[in-house]
Amino acid sequence: MSTLGVGVIGTGNIGSFHIDRLHHAIAGARVAAVHDVATERANALAGPLGAAVHTEPLALIDDDEVDAVVVTSPGETHAAFALACIARGKPVLSEKPLATTVDDAVRVLEAEVAHGRRLVQVGFMRRFDPAYRRMRATIADGAIGTPLMVHCIHRNPASPDFFTSEMLATDSAVHEIDATRWLLGTEITAATVLTPRRSHLAPQGLRDPQLVLLETTHGVVVDIEVFVNAQYGYDVRCEVVGSHGTVALGATDTTSLTHDGATRRAVPSDWKERFDGAFHAEIAQWVASVHAGHAMGPSAWDGYAATAVTTAAVDALHTGRRTTVDLADTPALYA
Ligand code: NAP
C-alpha cells in the first residue's frame, strides 16, 4: 500500500491534534503539506514532519504530493475548501460543520452530486465511538422496541472567550444532532430552544445553559441539555427510550475508586480525552477509505442536514418559537 499524502488546512487546536495522529499513529498516511493563515504555527508544526508549508490554501490542494485533504480551519471557511477539493477530485475530511449556512451546504452537495461520487466526509467522530456504535446496534436489533424519546446531555467545564449563545447549537449540540439522526435513521423536522436561568459562572451575555428540543420524522422527541460552563468536567450522556426498554451510553473507560464509604469515578476533562478513540477510528477509517477509493462515514448530506437543524435551532433561540426544518429531497448519491 502506498503512503497517502495528506494536506491539512488549519493547524490550531484540532488541526494539530489530527496532524500528530495522521503522521505518527495511522498506518498508510503522512502529512505532506500544511496551510494556515497563522504561518508561524504552520511552520512550527510542519518543520519536524518534513511537510511542505503553503501560504495559499489552493496551492496546498493543487500540490501533487497531496492526495487528500483534512480541513480544520474555522467553520466559515469549510464549504469553500470542500468545493475546491471536489473541483480537483480530491477526497476531503472536513471538520464539522460542513458549512455555516444552508446555502453553502447545498453548494457542496450539488458539486459532489455533479462530480458523481462521494469525496467528502464530515468530522462527526461520535459515530466512531464504541459506546455510540453499541447503542446504534442495540436499537437496530429491536432490543428496545420502537424508539420514542432521546435524552442527551452535553456539558463542558468552561467555554472559550469567543463562544456565543448561537454556538451552543452550532458547535456543541451539532454533535447530538448528528448522533440522533444516525442512531435513529431519521431526519429532524423541528427545533425549539428553551433558555433556563443563566449560570452566573457563564461569561457575560452568554445564554448558558440551553435546552434544545428536536422532533423527528417518526415523531421521536429529543431533548439536549447543552451547558458549556458546567465547571466539573466534560460530560456527554445519551439515552434512547423505546417501547420495550432503554439503551444508554455507559460510563467511559475510566476506573472508579471506592474508598471511605463512597465511589468516585473520574469525569473526562475535555472532548479530546473522551473521544480520543473515536477520533483515531475516524481518521484510520478515512485513510483506509481513501486508499480503497470509496468514501464512507458521515457524508455531505449528513453535514447539510446538521447545518439545516442548527440553523433552525439558532432561529428558535432568537425568536423563542418552534422552527421547522425543511430539507431538500435526498439525492441518490446519499440514499
Ligand atoms: P482553532 O484552534 O482556532 O484553529 C483554527 C486554525 O485555522 C487557526 O490556526 C487559525 O488561525 C486558522 N485559520 C483561520 N482562518 C483560516 C483560513 N481562512 N485558512 C486557513 N487557516 C485559517 O480552531 P479549532 O478549535 O481547531 O477548530 C477548527 C474547526 O474544527 C472548527 O470548525 C471546529 O468546529 C472544529 N472542531 C471540531 C471538534 C470535534 O469535536 N469534532 C473539536 C474541535 C474543533 P488564527 O488562530 O490566526 O485565526
Side-chain angles (χ1 to χ4, degrees), residues 7-22 33-46 53-61 63 66 69-85 92-101 104-105 108 120-129 132 152 154-164 166-179 182 226 228 234-236 268-283 285-286 297-298 302-303 306-307 310 314:
V8 181
I9 300 177
T11 57
N13 194 3
I14 201 165
S16 54
F17 188 57
H18 285 342
I19 285 170
D20 183 52
R21 191 185 304 282
L22 269 163
V34 300
H35 161 75
D36 196 303
V37 292
T39 318
E40 281 183 18
R41 194 175 295 147
N43 284 333
L45 272 171
V53 179
H54 290 285
T55 52
E56 290 298 326
L58 298 186
L60 175 141
I61 301 172
D63 187 334
V66 170
V69 177
V70 170
V71 175
T72 47
S73 45
E76 60 275 14
T77 66
H78 293 181
F81 293 145
L83 286 168
C85 290
V92 54
L93 172 61
S94 170
E95 258 312 329
K96 57 84 180 163
L98 173 69
T100 48
T101 68
D104 277 352
V108 178
V120 179
Q121 179 172 325
V122 181
F124 290 126
M125 78 296 181
R126 290 195 189 177
R127 295 185 182 209
F128 298 90
D129 178 68
Y132 268 105
C152 305
H154 186 144
R155 296 185 190 138
N156 298 70
S159 57
D161 295 344
F162 56 80
F163 225 69
T164 63
E166 290 76 14
M167 290 171 87
L168 271 76
T170 59
D171 274 53
S172 302
V174 66
H175 283 295
E176 276 75 18
I177 287 165
D178 179 68
W182 175 75
V226 194
V228 296
Y234 180 77
D235 196 1
V236 164
S269 56
D270 61 13
W271 49 270
K272 286 183 181 168
E273 181 184 347
R274 168 62 183 84
F275 287 110
D276 187 65
F279 281 113
H280 191 90
E282 171 193 55
I283 304 257
Q285 190 235 264
W286 177 69
D302 296 313
T307 297
T310 56
V314 168

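As the structure lists them, so they are numbered: ligands from 1, and atoms in each ligand from 1.
In this comparison of Ala80, Pro74, Ser73, the heavy atom closest to atom 15 (N) of ligand 1 sits on Pro74. Heavy-atom proximity to atom 32 (O) of ligand 1, evaluated over Glu95, Lys96, Met125, is greatest for Lys96. Of the candidates Asn13, Asp178, Val174, Asn13 brings a heavy atom nearest to atom 24 (P) of ligand 1. The heavy atom nearest to atom 45 (P) of ligand 1, considering only Arg41, His78, Glu56, Lys272, is found in Arg41.
Within the cation-pi definition used here (under 6.0 Å to the ring centroid, within 45° of the axis), Arg126 does not qualify as a partner of Phe124.
For atom 41 (N) of ligand 1, the nearest protein heavy atom lies closer than 4.0 Å.
Here is the list of ligand 1 atoms found below 4.0 Å of a heavy atom in Phe279: 39 (C), 40 (O), 41 (N). Against a heavy-atom cut-off of under 4.0 Å, Asp171 is close to the following atoms of ligand 1: 34 (O). Those atoms of ligand 1 that come under 4.0 Å of a heavy atom in Gly123, given as number and element, are 41 (N). Remark: ligand 1 atoms within the under-4.0 Å shell around heavy atoms of His35 are 19 (N), 20 (C). Below 4.0 Å from some heavy atom of Gly75 lie the following atoms of ligand 1, by number and element: 32 (O). Residue Gly10 has at least one heavy-atom neighbour below 4.0 Å for each of these atoms of ligand 1: 7 (O). For ligand 1, the atoms closer than 4.0 angstrom to any heavy atom of His175 are 39 (C), 40 (O), 41 (N).
Distance from atom 18 (N) of ligand 1 to its nearest protein heavy atom, with residue and atom name: Thr77 CG2, 3.5 Å. Closest protein heavy atom to atom 47 (O) of ligand 1: Ala38 CB, 3.7 Å. Remark: minimum distance from atom 22 (C) of ligand 1 to any protein heavy atom is reached at Val37 CG2, 3.6 Å. Scanning the protein for heavy atoms near atom 4 (O) of ligand 1, the closest one is Gly12 CA, 3.3 Å. The protein non-hydrogen atom at the shortest distance from atom 10 (C) of ligand 1 is Asp36 OD1, 3.6 Å. Protein heavy atom closest to atom 5 (C) of ligand 1, with residue, atom name and distance, is Thr72 O, 3.7 Å.
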Given side-chain contact (heavy atoms from CB on, under 4.5 Å), test Glu273 with Tyr234 step by step and report yes or no.
CA-CA 9 Å; Glu273 181 184 347; Tyr234 180 77; over 6 Å; no
Before you tell me yes or no, could you show the steps for Phe128 and His280 under ring-ring contact (aromatic ring centres under 6.0 Å, His included), namely the whole-Å CA-CA distance, both residues' side-chain angles and the distance that decides it to 0.1 Å?
CA-CA 9 Å; Phe128 298 90; His280 191 90; over 10 Å; no
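Once rounded to the nearest 0.5 Å, the distance linking CE of Met125 with CD1 of Ile283 reads 11.0 Å. One finds the CD atom of Glu56 at 13.5 Å from the CG atom of Asp63 (value rounded to the nearest 0.5 Å). In this structure, CZ on Phe81 lies 13.5 Å from CG on Leu98, to the nearest 0.5 angstrom. Atom CG of Asp129 is separated from atom CZ of Phe279 by 10.5 Å, given to the nearest 0.5 angstrom. Between atom OG1 of residue Thr307 and atom CG of residue Asp178 there is a gap of 10.5 Å, rounded to the nearest 0.5 Å. Rounded to the nearest 0.5 Å, atoms NE2 (His18) and CH2 (Trp286) are 9.5 Å apart.
The one candidate from Leu45, Val34, Asp36 that meets the side-chain contact (heavy atoms from CB on, under 4.5 Å) condition with Ser16 is Leu45.
A salt bridge links Lys96 with Asp171: the closest approach of a Lys/Arg side-chain nitrogen to an acidic carboxylate oxygen falls below 4.0 angstrom.
Counting heavy atoms under 4.0 Å from ligand 1, residue Trp271 touches it through the side chain alone.
In plain terms, the two heavy atoms of Ala306 and Ile177 that are nearest each other are CA-CG2, 4.2 Å.
Of the polar atoms of Ile14, at least one N or O is found under 3.5 Å from an N or O of ligand 1, judged by distance alone.
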